[in-house]
*Asks:* 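Structure incoming, see below.
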Amino acid sequence: MGGAPRDKYAVPVDSALRLWLLARDPDLRRRWKRWLSSAGWSVIDLPQTPSHPPPLRGVAGPALLDAALLEESDLSEMRKRLPSPLILFGGGEQATEDKVARFLMAGADDFISASIQERVLLAKLMAYARRLWPEAAGVGPVRWSPLRRIKADSRRKLAWVRADRGWEPLKSLTGMELRLLLLFLEHAEAPMDRAYILEKLWGERAADINPITLNKHIESLRRKLGPHGRAIRTLYGFGYMFLEEK
Amino acid sequence: MRRRKVLVAEDMEDLREILALILERAGYDSVLCENGAVAWAYLRNGGPADMAIVDVVMPEMDGLELCQRIRSDPALKRMPILLLTIKKRPEDQEEGYDAGADEHLPKPFREKILVARLRALERRLLKRSS
C-alpha cells in the first residue's frame, strides 16, 4: 500500500503525546513499540501488576492494555490512575464478543484485536489524537476532493493522492502549492476567478503579483498531482475550477 | 436526563428498523435516514443528533463522504460516528478512520456489541467533552 503508515500517521517529534502500554507478550510489546515510536509516540511501559499502575498525570495519550492481564473489576481502578482512554486489546478467548462487550460495559473505551495491522493501529490512534488532542498531535482539518482522490491536511502541511495501492504522499509540494491545493479543495466544483485566487494566496500583495506567477504555480501543482492534475480546469478569461472526472 | 439522539444512515430498511429497536431498548432516541444524502440534509437543516451510526455502502452519498462532511462542518465536527460496514479489510478500516469515523463495527453484529460500542463512544467523546 502506498505511503508508509508511520509517515502518514506521524505525530510531531516534539509533541506531548504519550502512550501507556501494558502487554504480556514480549514480541507484541516490542513490535508495537517499534511501530508506535516510529510514528512519533512516546511509549511508556506499564508494570504488569495492572491494578496498581503508577499515577501518571499531566500528559496526554491513550493506554493500550492487554486484556489477558485484566479483570473487568480492574478497570475502575485503572481509570482513577490513568487519565486516558483505555484501549484494551486481546485475541482468542479474550476477544470473544461476550468478553469484549463486558469489558466495554465495565469501563474500557475500546477493544482492538491483538493481531491488528500496523497501519490500522496507527490510523486508529491518529483518529483518537484528532479528536482528543489535536494540538499535541499537530493535526488539522483534512480537506478532501469530492471523489476522494486527493486530500490535504492544512495543519500538518501534508497532502496525498490516491494511487493504485493506496494513498501516496505528495512530498514535493511547496508551501504555496499546498495552499493552492487547499483552496481548490475548499472550493471544489465552484469556479474561482483569478483575482479571488490571487487575493486568497497573497492577500494585500495580490495587486503586485505578476499574473504569470499564478500560472506557474498552477502548472507546477498540476504536474505534481500527476493524472489528478487534470481536475484543475482553466476557465479562459475567468479563472479556474477544480472538477474531477467521474 | 435527556435521552441521546442517534442519527442512523442505513439504506436497508429492515436494518434501519432493527437499529431503531435496538437503540430504543438501550435508551436512545433515533432518527432514521435511508442514505447519506438524506442524513446530510437533515443535519445541515439543524436536525438534532448527538451521535451517528453510518453504513458505509449507500446510494446517493456513501458513509465515508458523510463522515468527511460531518468532520468538515464546524457545527457538527465533534459528533461521534460509528461506521457499520461489511468491508473488513484493514485498508477499509484505515479509510474509515481517515474519513473521520471514531469506531468501526463489522456487519453482521450482535445487539450487545453495538450497544457496548455505542456506550463506550458516548463515554469517551460526549461525557468527556461535557
Side-chain angles (χ1 to χ4, degrees), chain A residues 1-3 5 8-9 62 75 79 83-88 96-113 115-132 134 139 141-148 151 153 160 162 165-167 185-186, chain B residues 22 26 36 51 56 61-74 76-83 85 87-106 108-129:
Chain A
M1 181 164 293
K8 186 178 173 188
Y9 300 115
L75 289 172
R79 186 159 292 291
S84 308
L86 304 181
I87 304 174
L88 268 61
T96 62
E97 282 194 330
D98 285 342
K99 195 83 172 168
V100 169
R102 288 209 301 273
F103 271 123
L104 290 173
M105 296 302 277
D109 292 296
D110 205 341
F111 196 107
I112 60 177
S113 167
S115 57
I116 192 170
Q117 286 199 9
E118 178 185 5
R119 61 189 320 114
V120 180
L121 177 62
L122 295 180
K124 177 178 261 291
L125 292 175
M126 182 52 74
Y128 271 87
R130 243 192 328 260
R131 304 287 260 122
L132 297 176
V139 295
V142 175
R143 295 206 184 117
W144 296 69
S145 68
L147 298 185
R148 293 202 301 278
K151 60 180 180 176
D153 183 322
W160 301 263
R162 190 180 287 279
R165 293 170 63 81
W167 291 98
L185 296 181
E186 184 182 352
Chain B
I22 291 174
M51 297 190 281
V56 172
M61 183 190 296
D62 68 19
L64 297 182
E65 184 176 347
L66 179 59
C67 279
Q68 288 161 33
R69 286 179 183 246
I70 289 172
R71 287 290 172 253
S72 299
D73 189 302
L76 300 170
K77 65 182 180 181
R78 298 193 190 287
M79 181 180 296
I81 301 173
L82 186 151
L83 273 186
T85 179
K87 298 182 177 183
K88 295 174 188 173
R89 299 177 310 164
E91 46 265 46
D92 297 319
Q93 290 185 53
E94 183 185 355
E95 192 170 32
Y97 290 126
D98 284 354
D102 296 292
E103 274 281 7
H104 274 266
L105 190 61
F109 54 86
R110 288 169 61 188
E111 177 175 354
K112 67 165 67 178
I113 280 288
L114 172 67
V115 174
R117 288 277 181 201
L118 214 53
R119 295 233 197 277
L121 205 58
E122 183 182 2
R123 193 171 54 235
R124 165 168 123 218
L125 291 173
L126 285 181
K127 290 180 181 172
R128 187 180 294 266
S129 63

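These numbers come from the heavy atoms of this one structure, side chains and all, not from hydrogens, waters or symmetry mates. Labels below follow one simple rule: chain letters A, B, ... track the order of the sequence lines, proteins then strands, and each chain is numbered from 1. Bear in mind that the values here come from a model prediction, so they are computed numbers and not experimental data.
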*Asks:* So which part of B:Gln93 gets closer than 4.5 Å to some heavy atom of chain A, the side chain, the backbone, both or neither?
*Replies:*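 Contact with chain A involves the side chain of B:Gln93 alone.
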
*Asks:* For the residue pair A:Ala127 and B:Ala101, what are the closest heavy atoms and their distance?
*Replies:*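 Residues A:Ala127 and B:Ala101, closest heavy atoms: CB-O, 4.1 Å.
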
*Asks:* Could you walk me through whether B:Arg110 and A:Asp98 pass side-chain contact (heavy atoms from CB on, under 4.5 Å), step by step?
*Replies:* CA-CA 10 Å; B:Arg110 288 169 61 188; A:Asp98 285 342; 3.4 Å; yes

*Asks:* Quick one about B:Arg124 and A:Tyr128 (side-chain donor to acceptor, distance below 3.5 Å, no hydrogens or angles considered), yes or no?
*Replies:* yes

*Asks:* Where do A:Arg148 and B:Asp62 land on the side-chain contact (heavy atoms from CB on, under 4.5 Å) test, with the steps shown first?
*Replies:* CA-CA 12 Å; A:Arg148 293 202 301 278; B:Asp62 68 19; 2.9 Å; yes

*Asks:* Which distance, rounded to the nearest 0.5 Å, do you find between the CZ of B:Arg123 and the CG of A:Leu104?
*Replies:* 7.0 Å

*Asks:* Nearest 0.5 Å, what's the CG-CZ distance between B:Asp102 and A:Arg130?
*Replies:* 9.0 Å

*Asks:* How far does CD1 of B:Ile113 sit from CZ of A:Phe111, to the nearest 0.5 angstrom?
*Replies:*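 That separation rounds to 9.0 Å.
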
*Asks:* Any side-chain heavy atom of A:Lys151 within less than 4.5 Å of one from B:Gln68?
*Replies:*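 A:Lys151 does not reach B:Gln68 side chain to side chain.
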
*Asks:* A:Met105 and B:Ala116: which non-hydrogen atoms are nearest, and at how many Å?
*Replies:*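 Reported closest heavy-atom pair: SD-CA, 3.6 Å.
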
*Asks:* Roughly how far, to the nearest 0.5 Å, is CG of A:Leu125 from OH of B:Tyr97?
*Replies:* 9.5 Å

*Asks:* Side chain, backbone, both or neither: which part of A:Glu97 has a heavy atom under 4.5 Å from chain B?
*Replies:*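 Contact with chain B involves both backbone and side-chain atoms of A:Glu97.
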
*Asks:* For A:Trp144 and B:Asp98, which heavy atoms make the closest approach, and how far apart are they?
*Replies:* CZ2-O, 3.2 Å

*Asks:* Report yes or no: does B:Arg119 contribute a side-chain atom to a donor-acceptor pair with the main-chain N or O of A:Gly107 at less than 3.5 Å?
*Replies:*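 Absent.
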
*Asks:* Less than 4.5 Å to any heavy atom of chain A: does that hold for the side chain of B:Arg117, its backbone, both, or neither?
*Replies:* both

*Asks:* Would you please name every residue forming a side-chain contact (heavy atoms from CB on, under 4.5 Å) with A:Pro146, sequence neighbours left out?
*Replies:* A:Ala188, A:Glu189, A:Phe242, A:Glu244

*Asks:* Would you please name every residue forming a side-chain contact (heavy atoms from CB on, under 4.5 Å) with B:Arg89, sequence neighbours left out?
*Replies:* B:Glu91, B:Asp92

*Asks:* Report the C-alpha distance between A:Asp110 and B:Leu121 in whole Å, list the side-chain angles of each, state the deciding distance to 0.1 Å, and finish with yes or no for side-chain contact (heavy atoms from CB on, under 4.5 Å).
*Replies:* CA-CA 8 Å; A:Asp110 205 341; B:Leu121 205 58; over 6 Å; no

*Asks:* Is there a side-chain contact between B:Arg78 and A:Arg131 in this structure, where contact means two heavy atoms from C-beta onward sitting under 4.5 Å apart?
*Replies:* yes

*Asks:* Need one label for B:Leu64: side chain, backbone, both or neither, based on atoms under 4.5 Å from any heavy atom in chain A.
*Replies:*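 Contact with chain A is through both the backbone and side chain of B:Leu64.
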
*Asks:* Under the side-chain contact (heavy atoms from CB on, under 4.5 Å) rule, what do B:Glu95 and A:Arg162 come out as? Steps first, then yes or no, please.
*Replies:* CA-CA 11 Å; B:Glu95 192 170 32; A:Arg162 190 180 287 279; 2.7 Å; yes

